[in-house]
Structure formats: structure tokens, C-alpha cells
Protein chains: 2
Amino acid sequence: MGKETTIYDIAKELKLSPATVSRALNDHPAITLKTKSLITTKAKELGYRSNKFASNLRRQKTNTIGVIVPRLNSYLMSTVLAGMEKVANEAGYNLIISQSLESQKKEIVNARTMFDGRVDALLVSVAYDTDSYEHFEAFINKKIPLVFFDRVIEQFDCTSIVIDNVKGGYEATRHLIDEGCRRIMHVTGSLKRNVYADRLRGYRLALAENGIAFEEDWLVVTDLSPEAGRKMAKKIQQLRPGFDGLFVANDSCAVSCMGALKQAGISVPGDLAVVGFNDDPLAEVIEPQLTTVHYPGKEMGEIAMQTLINHLNGSLNMHPADLIVLRSELIVRQSSRKSQAQGTL
Amino acid sequence: MGKETTIYDIAKELKLSPATVSRALNDHPAITLKTKSLITTKAKELGYRSNKFASNLRRQKTNTIGVIVPRLNSYLMSTVLAGMEKVANEAGYNLIISQSLESQKKEIVNARTMFDGRVDALLVSVAYDTDSYEHFEAFINKKIPLVFFDRVIEQFDCTSIVIDNVKGGYEATRHLIDEGCRRIMHVTGSLKRNVYADRLRGYRLALAENGIAFEEDWLVVTDLSPEAGRKMAKKIQQLRPGFDGLFVANDSCAVSCMGALKQAGISVPGDLAVVGFNDDPLAEVIEPQLTTVHYPGKEMGEIAMQTLINHLNGSLNMHPADLIVLRSELIVRQSSRKSQAQGTL
DNA sequence: AAAATATGTGCAATCGGTTTCATTGCAAAA
DNA sequence: TTTTGCAATGAAACCGATTGCACATATTTT
């Protein structure tokens with residue numbers, strides 16, 4: 001609680017005005033080099049540190065960027081955040097991170113908090129069940145830059161950073177078909193979310209393109225949790241030998257499903273070829289290794305943040321309706337290699 | 001950029017003073033219920049939101065808690081952070097999160113930023129190579145609550161939240177011995193860090209207790225990355241059949257090591273029993289499933305944050321030298337079941 | 001009925017930088 | 001020598017909420 005030194009203290013000691021001190025510390029061109037060095041030296045001597053509140057209050061700027069994610073503790077999201085933090089930190093911005101825990105209600109509260117906290121910009125990946133978007137309007141109205149990533153919404157003309165989920169879904173399915181699958185189940189998340197809706201679109205596109213008629217009960221909407229994966233395994237077991245392919249929209253669900261299938265004596269890929277999504281480290285560890293779509297999480301975080309910061313610094317005009325699509329690609333591993341694995345069982 | 005409404009606007013409209021408005025909005029007891037509801041109604045009508053800068057400036061409090069972690073994108077850390085965020089959010093605190101990327105240099109910069117940002121408190125898990133601690137002294141001097149978790153330092157009389165790493169290391173090693181191992185390699189991280197030093201201590205304790213002489217070259221210090229795990233596998237292969245047990249201080253390293261061992265034709269646990277640490281989801285997925293020490297990450301985050309907030313709110317005196325130790329326990333899975341697995345090979 | 005005590009509001013200072021608009025001093029131009 | 005121009009610095013008004021103290025009513029006590 002020792003009293004902080006302020007620019008007034010520095011000014012008094014040097015018999016200068018606080019205005020000059022402020023300018024010197026901000027490297028204002030109108031101040032002599034000599035005066036500047038005098039002031040910075042004294043500042044160091046007194047252990048001065050700028051009071052951000054005062055500065056923020058005056059300049060109406062926080063140097064803080066808000067991020068709302070569904071959850072912090074998922075491989076994908078923590079990777080994206082790591083990328084964001086790195087870029088933001090280097091650019092001198094602070095990150096306020098909060099998680100919606102997949103609930104719209106909490107997302108609304110978080111958005112409000114960010115708004116009241118006067119963040120300079122907001123980055124959002126929306127929750128599982130979000131279906132109204134008024135809580136973001138305040139940002140639009142106040143022209144606070146708002147960027148969506150991964151799980152985006154088209155409601156507003158905001159910059160969005162995504163991967164090509166249609167392509168990802170298409171390639172995953174197409175690959176299964178190429179491996180000889182004809183009856184491919186698709187396990188996914190809420191179709192309100194672009195990521196899942198688009199992957200489904202890709203899936204259906206691949207089916208159609210190969211003359212396979214899609215049936216409603218090939219599609220299962222779940223919360224994509226590991227438990228959901230285990231439940232799916234049970235279901236698949238009962239329907240046997242209904243399906244020969246399985247495309248799950250998320251690796252952790254796919255992996256737990258594979259584990260349960262294995263226990264049930266169903267062979268992957270022999271009986272059922274499996275493809276996941278995201279390229280979670282789990283995918284490389286499970287046996288057989290999981291074919292999946294690589295998701296460039298860190299790059300997404302870095303690019304989203306960089307784009308935003310460029311915009312905040314005025315070096316780049318973020319056109320309202322910008323869409324940035326990152327490359328993702330299918331990583332083929334053993335879980336889908338039906339053609340080579342026939343002998344396994 | 002529309003002009004914000006302030007308490008002055010509300011005051012003017014209602015012909016009251018800003019002081020009254022401020023008090024009403026803060027639920028001050030000296031204001032009539034009638035006046036209060038009048039004011040809150042008008043505030044809502046005008047879309048008022050408090051200006052935190054002004055408030056912070058006046059009250060010298062940010063309602064923000066800083067967190068510095070080695071990295072955001074590790075299972076353990078993202079889980080801890082998820083716990084912290086949850087509690088902080090519920091208590092109305094914001095979290096500023098930054099990562100040191102295991103570098104002391106960045107940790108110093110981050111600490112400085114947190115300090116200048118006037119966080120109300122700071123939570124830290126120190127970087128891999130940190131070996132001087134002056135960057136935290138500023139917090140001590142200014143009596144800003146400083147709490148270490150997981151990777152703690154004894155330098156300061158700060159509250160620390162840890163698990164009993166000695167016990168964890170002891171139980172892991174003891175278990176290997178019970179399973180019949182006599183030559184147990186220990187792969188760990190920097191011994192500057194309590195977590196690794198203590199696990200090593202537990203390891204040696206277990207060896208000593210069972211009359212096994214520890215040899216220097218049983219101990220390998222690495223960065224515990226997956227690559228390190230793969231390298232270890234190669235080394236083990238060369239030394240064969242030097243070791244019959246392996247205790248790795250972290251699951252992701254243990255898992256990648258197991259994968260490489262498997263490829264090299266070394267059977268786990270038949271040839272080599274393996275135990276990891278942390279209970280990463282990977283541990284349950286690898287085959288054989290990895291015996292490991294469960295680490296209550298979410299609880300650690302929640303408890304660290306709750307303790308801190310209680311202290312900030314004055315409801316709990318955090319004695320300077322408080323140490324909170326969370327329970328962790330060995331989870332026995334197949335990777336260490338030597339006694340039952342003899343037949344495998 | 002007068003005095004003492006509550007009760008509800010307002011005044012004005014304060015928090016610490018930032019910034020506009022002078023002002024001062026000195027050198028170059030007339 | 002006087003004027004003009006510019007460079008460096010200062011004075012003071014912000015930014016918006018908080019809060020100690022004063023003050024005016026309203027209520028209770030004597």
C-alpha cells in the first residue's frame with residue numbers, strides 16, 4: 001500500500017509540469033531528448049508505473065481484448081487460445097478469457113461483462129445451444145470490433161475465421177467411400193452450429209456424389225462428449241451389421257466410441273471404418289490410429305488475433321463481411337483403412 | 001462511438017445529484033428504496049453502463065485477477081484454468097491469462113504487465129527454467145496477493161496450492177516395485193521445479209525403502225515433451241534389457257514413449273512396466289492403458305481461486321505461509337501390471 | 001414546543017493521465 | 001533592431017465514479 005509515484009511526483013522533483021512528463025513518457029515528439037531522458041531516468045528512480053485506469057479513463061481504450069470460448073479445457077480451444085495469447089501479448093494487448101461452458105445463458109452474461117469491461121474488441125466462438133444473438137448487438141452498435149472464429153454466426157456482418165467444414169466433411173466421407181464403405185453413420189453436434197451443419201453438408205455431398213442415398217437414421221446428433229461416443233458404440237453394436245463406416249465430428253467422441261467398440265468385439269476398421277475430426281493428440285494414440293481432419297488451431301488463434309489487432313491499429317481495414325478460411329486436411333491413418341485391413345478379423 | 005450515458009446524465013434527468021445516483025447504483029443503504037428504483041429504472045432506460053476505468057481509478061481496484069501459466073494448451077493447465085475461470089466468473093472477477101511458454105524471460109515480462117495492469121491478485125505456475133524470482137517481489141512489496149499453484153517456489157511466504165508430489169512419486173514407484181520391478185528408470189523434468197524434484201524424492205524414497213540402490217543413470221532429466229518420450233524409447237531399446245520399470249513424470253511423454261516402445265517391439269508391461277503422471281485423457285486411450293497418478297486439475301483451479309477470492313473479500317485471512325495440499329491418487333491400469341501380464345510375450 | 005437525533009441528498013474534492021490551447025524563449029528573417 | 005516563426009513547456013480542463021462532510025428535512029425525545 002505504499003503510495004504510488006505519479007507523474008506529478010516526477011514533475012515536482014524535476015520542476016516540470018505533469019503535462020511535460022506525460023508527453024515525455026509517451027515519447028511525444030515535442031519534447032527535447034534531454035528532457036525526455038531526464039524524465040525517464042527520474043521515473044525509473046522513483047519506480048514509477050503508469051496508472052492504466054487514469055490513462056484508460058482519459059483515452060477511452062483498455063488495451064484489452066475479450067475472448068469467449070465454449071470451454072477452455074478442450075484440446076482445440078486451448079490451442080486456439082495459446083495462439084491468440086501469443087500474438088496479443090506480443091502486440092501489447094491483454095486477454096480477458098471467459099468460457100460459456102456451452103450455455104447460451106452464460107455466454108450472454110460473459111458478453112455483457114466484456115461489454116461493461118470496455119474491451120477494445122471481442123473474439124467469440126459461440127456455445128452449443130446459442131440461438132439468439134442480441135447479446136452481441138451492443139458491440140455492433142458501439143462499433144466495437146467483433147470477430148467470430150470456429151463456431152461462427154452469419155447473423156451479423158462480422159469478420160469470421162473458419163476452416164472449410166464442408167470440405168472437411170466431404171473429404172472424410174469421400175475417403176470412407178473410397179475405402180469401400182456404403183453405409184456410413186454420421187455422429188455430430190448441434191446443427192445450429194456452422195461447424196456441424198457444414199460437416200454434415202459435406203457428408204451428404206459425398207454420399208450424393210457417389211450415388212448413396214442418405215437416410216435420416218444415419219445421422220445422430222449428440223453433444224459429442226466421450227459418453228456420447230460410448231453410447232454410440234452400444235447403438236452400433238445393436239444395429240450390427242448395419243453400418244460399415246462412421247464419421248464422427250470430433251475426435252474425443254470418436255476415440256471413446258472406438259474404445260467401446262473394441263471392448264464389444266467390433267473391429268476397426270475391419271467391421272467399421274472410422275474417421276474423426278480435429279486431429280486431437282488422442283487420434284494418434286488410439287489403436288488403430290484415428291483418421292481425422294487436421295484442424296489448424298494455433299494458426300486460427302494467431303490469425304484471428306493478428307487480423308483483429310491490425311484492424312485496431314488501423315493498418316488494415318477489416319471489411320465488415322470478411323471471411324477467412326484456413327486450410328485443413330484429411331490425415332489418413334489406420335482406423336479407416338478398410339481396404340488393407342480386411343484380414344484383421 | 002455514440003456518447004455513453006454517465007451517472008451525470010441520469011442525475012440530470014432525475015434532478016438528483018451524481019452522488020446519489022452513484023450510491024443508488026451501488027446499493028448504498030442510505031438511499032431510499034423509492035429513489036433507488038427510480039434511478040435503476042432510468043439507468044436501464046438510458047442504457048447506462050458503469051465506467052470501470054473511473055471506478056477503478058477512484059477505488060484503486062481492478063476486479064481483475066492475473067494468471068500466468070507455462071502454457072495454455074496442456075491438458076492439465078487448461079483444466080486448472082477452466083476451474084479458475086469458473087470460480088472467478090461467479091465471483092465477478094475477470095481473469096487476465098498469459099503464458100510464459102516455459103521461458104523465464106517471458107514470465108518476467110508477463111509479471112510486469114500484470115503488475116502494471118494493477119491486477120488485484122496474481123496466480124502463478126512458474127516456467128520450466130525460472131531460477132530467479134525478483135519479478136515477483138514487486139507484488140510482495142505492494143502486498144498484492146500472490147499465489148502459486150502446481151509449480152510453486154518456496155522463496156516467498158506465499159500461499160501455495162499443490163498436490164503431494166512426494167507421495168505421488170512414492171506411490172508410483174512403490175507400485176512398480178510391488179509389481180516386481182527392480183530396475184526402474186525415472187524420466188522427469190527440471191529439478192528446479194518442486195513438482196519434479198518432489199516426485200524424484202518420492203521415487204528415491206520408495207527405492208530406498210525396498211532396499212534398491214539408486215543409480216545416477218536411472219534418472220533422466222528431459223523437457224518431458226512427446227519427442228523426449230520417443231528419444232527415451234530409443235535409449236531404452238539400446239540398454240535392453242537394462243530396465244524393467246519406467247516412471248515418467250508426465251503422461252504425454254510417457255504415452256509417446258510407449259508408442260515408440262511398441263513399435264520397437266518392446267512389450268509393456270511384459271518387458272517394461274510403465275507409470276505416468278497427471279491422468280491425461282491420453283492415458284486411458286493408449287494400449288495398454290497407462291497407470292498414472294490422478295491430478296485434480298479442476299479442483300486445484302477452483303480451490304486456488306476460491307481461496308484467493310475469499311482473501312480479497314476479507315472473509316478469510318490467508319496466512320502468508322499457507323500451503324494447501326490436494327489429494328491425488330495412483331490409478332492402476334494395465335501398463336504396470338507386470339504380475340498379470342507375464343504371459344503376454 | 002424545543003431540542004436532539006435520524007435520515008436522505010448534495011457539494012466538491014479526488015483518483016492520475018491526457019490533451020487543447022496558451023505562453024515563453026530563442027533563432028532566423030526583414 | 002524589430003518582427004516573425006517555431007520549438008519546448010505549462011495551465012487547466014477534462015475523463016466518470018466515489019466518498020467525506022455538510023446540510024436540510026423528518027422523526028423522536030424531553
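Every chain is numbered from 1 and lettered A, B, ... according to where its sequence line falls, protein lines coming before strand lines. This one's a predicted model, so the numbers in the text were calculated from it and none came from an experiment.
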*Asks:* Which part of the nucleic acid, if any, lies within contact of A:K15, taking any heavy atom under 4.0 Å across all strands shown: a base, the sugar-phosphate backbone alone, or nothing?
*Replies:*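 The residue A:K15 makes sugar-phosphate contact but no base contact.
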*Asks:* Does either side chain, that of B:N141 or that of B:E137, offer a donor lying less than 3.5 Å from an acceptor on the other one?
*Replies:*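 No, because no side-chain N or O of B:N141 sits under 3.5 Å from a partner of the opposite role on B:E137.
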*Asks:* Rounding to an integer number of Å, can you tell me how far B:N51 CG sits from D:dG16 P?
*Replies:*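 Distance check: B:N51 CG to D:dG16 P gives 6 Å.
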*Asks:* Starting at atom CZ of A:R49, determine the distance to atom P of C:dG17, rounded to an integer number of angstrom.
*Replies:*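 Checked: the CZ to P distance equals 11 Å.
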*Asks:* Round to the nearest Å and state the distance from A:K12 atom NZ to D:dG10 atom C1'.
*Replies:*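 Value for this atom pair: 16 Å.
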*Asks:* Contact class for B:K34 vs. all strands (heavy atom < 4.0 Å): base, sugar-phosphate, or nothing?
*Replies:*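 Result for B:K34 = nothing.
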*Asks:* Taking OP1 and OP2 of D:dA17, is either one under 4.0 Å from a side-chain nitrogen or oxygen of B:Y48?
*Replies:*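 Checking D:dA17 against B:Y48, a side-chain N or O does come within under 4.0 Å of OP1 or OP2.
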*Asks:* Verify the contact: side-chain N or O of B:T32 to OP1 or OP2 of C:dT7, cut-off strictly under 4.0 Å; return yes or no.
*Replies:*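 So the side chain of B:T32 is outside the cut-off, no N or O lying under 4.0 Å from OP1 or OP2 of C:dT7.
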*Asks:* Do side-chain atoms of B:T307 reach the backbone of B:I303 as a donor and acceptor pair under 3.5 angstrom?
*Replies:*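 Yes; judged by distance alone, with no hydrogens or angles, the pair exists.
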*Asks:* Using a 3.5 Å distance criterion without hydrogens, assess whether the side chain of A:E102 forms a donor-acceptor pair with backbone atoms of A:Y128.
*Replies:*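 Answer holds: yes.
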*Asks:* How would you label the contact of A:L25 with the nucleic acid (heavy atoms, under 4.0 Å): base, sugar-phosphate, or nothing?
*Replies:*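 It contacts nothing in the nucleic acid.
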*Asks:* Under 3.5 Å, side chain of A:S132 to main-chain N/O of A:E134, donor-acceptor pair present?
*Replies:*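 Not a single qualifying donor-acceptor pair exists.
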*Asks:* Count the heavy atoms belonging to other residues, nucleotides or ligands that lie under 6.0 Å from NZ of A:K105, then report whether that count exceeds 12.
*Replies:*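 No - once you tally the heavy atoms of other residues, nucleotides and ligands closer than 6.0 Å, there are 12 at most.
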*Asks:* Which residue, B:R58 or B:S17, contacts DNA chain C at a nucleotide closer to its 5' end, judged by nearest heavy atom?
*Replies:*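 On the 5' side of the pair lies B:S17.
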*Asks:* For the pair made of CG in A:L57 and P in D:dA13, what is the distance, rounded to whole Å?
*Replies:*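 It is 17 Å, rounded to the nearest whole Å.
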*Asks:* Would you say D:dG16 has OP1 or OP2 under 4.0 Å from some side-chain N or O of B:S50?
*Replies:*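 B:S50 to D:dG16 OP1/OP2: no side-chain N or O under 4.0 Å.
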*Asks:* Could you state the CG-P distance from A:L33 to D:dA7, rounded to the nearest angstrom?
*Replies:*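 From A:L33 CG to D:dA7 P: 15 Å.
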*Asks:* Is the ring pair B:F156/B:F148 parallel, tilted or perpendicular, if the boundaries are 30 and 60 degrees?
*Replies:*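 The rings of B:F156 and B:F148 lie parallel, inter-plane angle below 30°.
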*Asks:* Closer than 4.0 Å, any side-chain N/O of A:S55 to the OP1 or OP2 of C:dT18?
*Replies:*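 A:S55 to C:dT18 OP1/OP2: side-chain N or O found under 4.0 Å.
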*Asks:* If only atom types and distance count, is the side chain of A:R193 paired as donor or acceptor with the main-chain N or O of A:T130 below 3.5 Å?
*Replies:*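 Yes, A:R193 side chain to A:T130 backbone: donor-acceptor pair under 3.5 Å.
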*Asks:* Does A:T35 make a side-chain N or O approach to OP1 or OP2 of D:dT9 shorter than 4.0 Å?
*Replies:*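 Checking A:T35 against D:dT9: at least one side-chain N or O falls below 4.0 Å of OP1 or OP2.
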*Asks:* Can you pull out how bent the helix from C:dA1-D:dT30 to C:dA30-D:dT1 is, comparing the axes over its first five and last five pairs, to 10°?
*Replies:*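 Roughly 50°, once rounded to the nearest ten degrees.
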*Asks:* To the nearest angstrom, how far is A:R23 atom CZ from D:dT9 atom C1'?
*Replies:*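 About 7 Å, once rounded to whole Å.
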*Asks:* Within the side chain of B:S125, is there an N or O that forms a donor-acceptor pair under 3.5 Å with the backbone of B:F149?
*Replies:*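 Yes, because the side chain of B:S125 sits within donor-acceptor range (under 3.5 Å) of the backbone of B:F149.
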*Asks:* Measuring from the side chain of B:A54 (C-beta onward, heavy atoms only), which nucleotide among D:dA17, D:dT9, C:dG16 has the closest atom?
*Replies:*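 Comparing D:dA17, D:dT9, C:dG16 against the side chain of B:A54, the answer is D:dA17.
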*Asks:* Between A:N26 and C:dG17, is there a contact of a side-chain N or O with OP1 or OP2 at under 4.0 Å?
*Replies:*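 Answer is no, no contact under 4.0 Å.
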*Asks:* Between B:Q60 and D:dT18, does any side-chain N or O lie under 4.0 Å from OP1 or OP2?
*Replies:*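 Negative; the distance criterion is not met.
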*Asks:* Expressed as a whole number of angstroms, how long is the span from B:R118:CZ to C:dG17:P?
*Replies:*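 Spelled out: CZ on B:R118 to P on C:dG17 is 7 Å.
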*Asks:* Whole-Å distance between C:dT18 P and A:F53 CZ?
*Replies:*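 Computing the A:F53:CZ to C:dT18:P distance gives 14 Å.
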*Asks:* On DNA chain D, nearest-nucleotide positions of A:Y8 versus A:V21: which is more 5'?
*Replies:*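 Mapping each residue to its closest nucleotide by heavy atoms, the 5'-most match is A:V21.
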